[in-house]
Amino acid sequence: MAVRTRFAPSPTGYMHIGNLRTALYAYLHARKSKGKFVLRIEDTDQARLVADSVKVIYDSLAVTGLEHDEGPDKGGPVGPYVQSERRPVYKEYADKLLADGHAYRCFCEKEQKPEQPAQEEHEGPILGYDGRCGKLSAGEVEEKLAKGLPYVIRQKIDREGKTVFKDFVYGDIEVDHKQLDDQILLKRDGYPTYNFANVVDDHLMGITHVMRGCEYISSTPKYILLYRAFGWDIPEHIHLPHILNADGRKLSKREGSVALSDFLGKGYLPEAILNYIALLGWNPGTEQEFFTKADLIEKFDIARIGKAPAMFDEVKLAWLNGQHIKALKPEAAHALFLKFYPEKIVKDFDTVKLSGLIQGKVEKPCDIPSMTAFLLALDGNYATELFVNKKNKTTLESCKATLADLQAALSPLAAWNHDSIYPAVSAYAEAKASKIGPVMWPLRIALSGLAVTPTGAIEIAELLGKEESLRRIALAIARL
RNA sequence: GCCCUCUUCGUCUAGCGGUUAGGACGCUGCCCUUUCAAGGCAGAGAUCACGGGUUCGAAUCCCGUAGAGGGCGCCA
């Protein structure tokens, strides 16, 4: 049977990175299997509709290249692909369940807490609905219906026995029916709950592999019971472990970046993000860590999805992003960096050249303003201790002397570019019978006032221009 | 409270009865010497959550315990 996977997000207004990983796995499995990847919008909660949020979903899939084959915007044979447009379908199937005795109408008030048997061992939350309306006689139901009382439709679950289902990742999951309650299938407003809609839609849309977060594991037995009530084949269930933040808590909006747009805004490349999250809960079984999207499609295998939750480590994401940036064509890197250069840098510097110089060095493009700030203005109060470098055996005194000599050597230069500056510096080092390091070190510090710079001393001098370079050298000499 | 699940270096992970427990990020050091960085190499870092079994032999199989995560919504 041809593989069909789906991504079924709710329009919440942003794309959670954990959700994106679910989409990615579903996409990869479909592509790898030459199957179809379906987008379905789960907008059955009328109270939580967020304007324009469907657009966020489209945009997210587009920017990451997770193109769907079928969906609200693309159409397809099993539409509509928006749940709010499928209400008659849910009604039809709910009626079927009603007719077969697998469901019943419940007239209980929304707020009404069912009375629980007063058992003292019951502390804390108690389990769900007590099923009282399931015991209503046909006559009583007719009577309430005649009165026009509002109702919901509940799944009728026999509390005897247990259900076992096989999860592709977690193995056999067994749940005692005592743990289950008569969940609501159709709400009072006529919309289905997730619990009902996902089963009906996944079946009707021919989904072969259901991938979703592992928070649904506990309710899956109820879904299995629905499949059985309808006499439908049960698709493969693939529950995914959660992605956690650094505290070991579920990655949530409140603490830092969780939305795709947050990461995009920092200059992370979509492909690097995909690469990183793919590795959170999946591994290729080889030592490869750098993956393009095409690599992932080729190497992805649902059999290698792990069970343990993974902490999201932005430091490693940044490293991986740096790897992807290095792999970029210079024009592409420049186009990316251009979004992050401060205005004044763009105005005063040759950013094409600058981009080329820093491409191998940038991990997070959002760091570019701070990385390049020294070009615009030198903080004249930088610590002079920076001149002391053990490896190059430089001291404050040696640096002062070197810089004075450099000042003399560079001042007469007519042309100011790499090919004129480097030979002058190099010749000076040679004349002093010194390696170039001890000369480069003080020069770089004098020009930048920084221990670590995005590019080398000669390049910085060239970028700054002759006048500014000499001014900074003079300043350093004065301070030493 | 009840139920489900998870647990290998700080982090992501490999491992599926016999390994010096491997790799990556990060960290430290060395090398390169047209440079700090980058790159290359090396090192530190894991009594495999704990306690019992089974076995000649367990990170790997079984049972308990603990910790963590999740579920128990007219949310998804």
Side-chain angles (χ1 to χ4, degrees), chain A residues 8-10 12 42-45 47-48 106 108-111 119 121-129 150-154 167 169-171 173-176 178-181 183-189 191-195 197-198 212-221 239 241-242 244 246 248-250 276 279-290 304 306-313 315-320 322 326 358-361 386 389 391-392 418 422-423 425-426 429 435-441 443-445 448 450-460:
Chain A
S10 286
T12 55
E42 308 219 326
D43 61 343
T44 57
D45 187 352
R48 294 198 191 186
C106 170
C108 290
E109 285 301 316
K110 199 169 173 178
E111 299 80 4
Q119 292 173 336
E121 54 265 37
H122 258 303
E123 288 171 41
I126 32 66
L127 185 66
Y129 182 65
Y151 62 88
V152 299
I153 294 179
R154 288 186 185 270
D167 181 87
V169 172
Y170 289 92
I173 308 277
E174 181 181 306
V175 173
D176 198 297
K178 284 204 257 315
Q179 293 302 318
L180 274 26
D181 74 330
Q183 64 175 346
I184 291 173
L185 269 19
L186 227 48
K187 302 185 251 187
R188 212 178 263 219
D189 62 7
Y191 283 86
T193 58
Y194 169 85
N195 303 317
N198 95 83
R212 52 157 85 114
C214 63
E215 66 270 24
Y216 292 104
I217 285 187
S218 297
S219 9
T220 301
H239 286 98
H242 283 140
L244 313 172
R249 315 225 122 242
K250 199 169 162 183
Y276 180 69
L279 261 13
L280 249 29
W282 171 81
N283 77 82
T286 64
E287 281 172 2
Q288 181 178 359
E289 293 214 281
F290 182 93
R304 297 198 64 90
K307 309 175 180 192
M311 287 190 193
F312 192 93
D313 179 11
V315 174
K316 184 153 185 180
L317 200 215
W319 169 76
L320 206 45
K326 282 193 184 89
I358 67 176
Q359 184 177 354
K361 175 96 181 179
L386 286 175
N389 180 260
K391 252 174 53 181
N392 285 310
H418 185 279
Y422 177 70
V425 174
S426 172
K435 285 189 166 186
I436 198 123
V439 179
M440 288 291 194
W441 182 269
L443 180 58
R444 194 177 59 82
I445 300 298
S448 69
L450 296 172
V452 176
T453 50
T455 179
I458 304 295
E459 292 75 19
I460 294 171

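By convention in this document, chain letters (A, B, ...) are assigned in the order of the sequence lines, proteins followed by strands, and residues within each chain are numbered from 1. Keep in mind that what you see is a predicted model, and the values were worked out from it rather than measured.
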*With a 4.0 Å cut-off on heavy atoms, is A:Val152 in touch with a base, just the backbone sugar-phosphate, or nothing at all?*
base

*Would you mind classifying the nucleic acid contact of A:Tyr422 as base, sugar-phosphate or nothing, using non-hydrogen atoms under 4.0 angstrom?*
base

*Checking all strands, does A:Ala308 fall into the base, sugar-phosphate, or nothing category for heavy-atom contacts under 4.0 angstrom?*
sugar-phosphate

*Assign A:Gly281 to base, sugar-phosphate, or nothing according to its heavy-atom contacts below 4.0 angstrom with the strands shown.*
sugar-phosphate

*Would A:Lys187 and A:Asp189 satisfy salt bridge (Lys or Arg N to Asp or Glu O under 4.0 Å), going step by step from the backbone distance to the final call?*
CA-CA 5 Å; A:Lys187 302 185 251 187; A:Asp189 62 7; 5.1 Å; no

*Classify the nucleic acid contact of A:Arg212 as base, sugar-phosphate or nothing, counting any heavy atom under 4.0 Å across all strands shown.*
nothing

*Please check the phosphate of B:U13 (OP1 and OP2 only) for any side-chain N or O of A:Asn283 closer than 4.0 Å.*
no

*Is any side-chain nitrogen or oxygen of A:Lys187 closer than 4.0 Å to OP1 or OP2 of B:C75?*
yes

*Side chain of A:Lys326, base of B:A38: donor and acceptor closer than 3.5 Å?*
no

*So what does A:Ile458 touch, heavy atoms closer than 4.0 Å: a base, only the sugar-phosphate, or nothing?*
base

*Is A:Asn389 touching bases, backbone alone, or none of the nucleic acid, heavy atoms closer than 4.0 Å?*
nothing

_Quiz item: A:Thr453 side-chain donor-acceptor pair to B:C36 base, under 3.5 Å_ = yes

*With a 4.0 Å cut-off on heavy atoms, is A:Phe312 in touch with a base, just the backbone sugar-phosphate, or nothing at all?*
nothing

_If I pick the P atom on B:A49 and the same atom on B:C31, what distance separates them, to the nearest angstrom?_
39 Å

_Assuming nearest nucleotide by heavy-atom distance, tell me which of A:Trp441 and A:Tyr194 is located more 5' along RNA chain B._
A:Trp441

*asked:* Could you tell me the Watson-Crick or G-U partner of B:U65, where both distances fall under 3.5 Å? Say none if there is no partner.
replied: B:A49

*Exam field: side chain A:Asn392 to backbone A:Trp441, donor-acceptor pair closer than 3.5 Å*: no

*Would you classify A:Lys391 as touching base, sugar-phosphate or nothing, given that sugar-phosphate means primed atoms plus P, OP1 and OP2, and contacts are heavy atoms under 4.0 Å?*
base

*For A:His239, which contact category applies under a 4.0 Å heavy-atom criterion: base, sugar-phosphate, or nothing?*
nothing

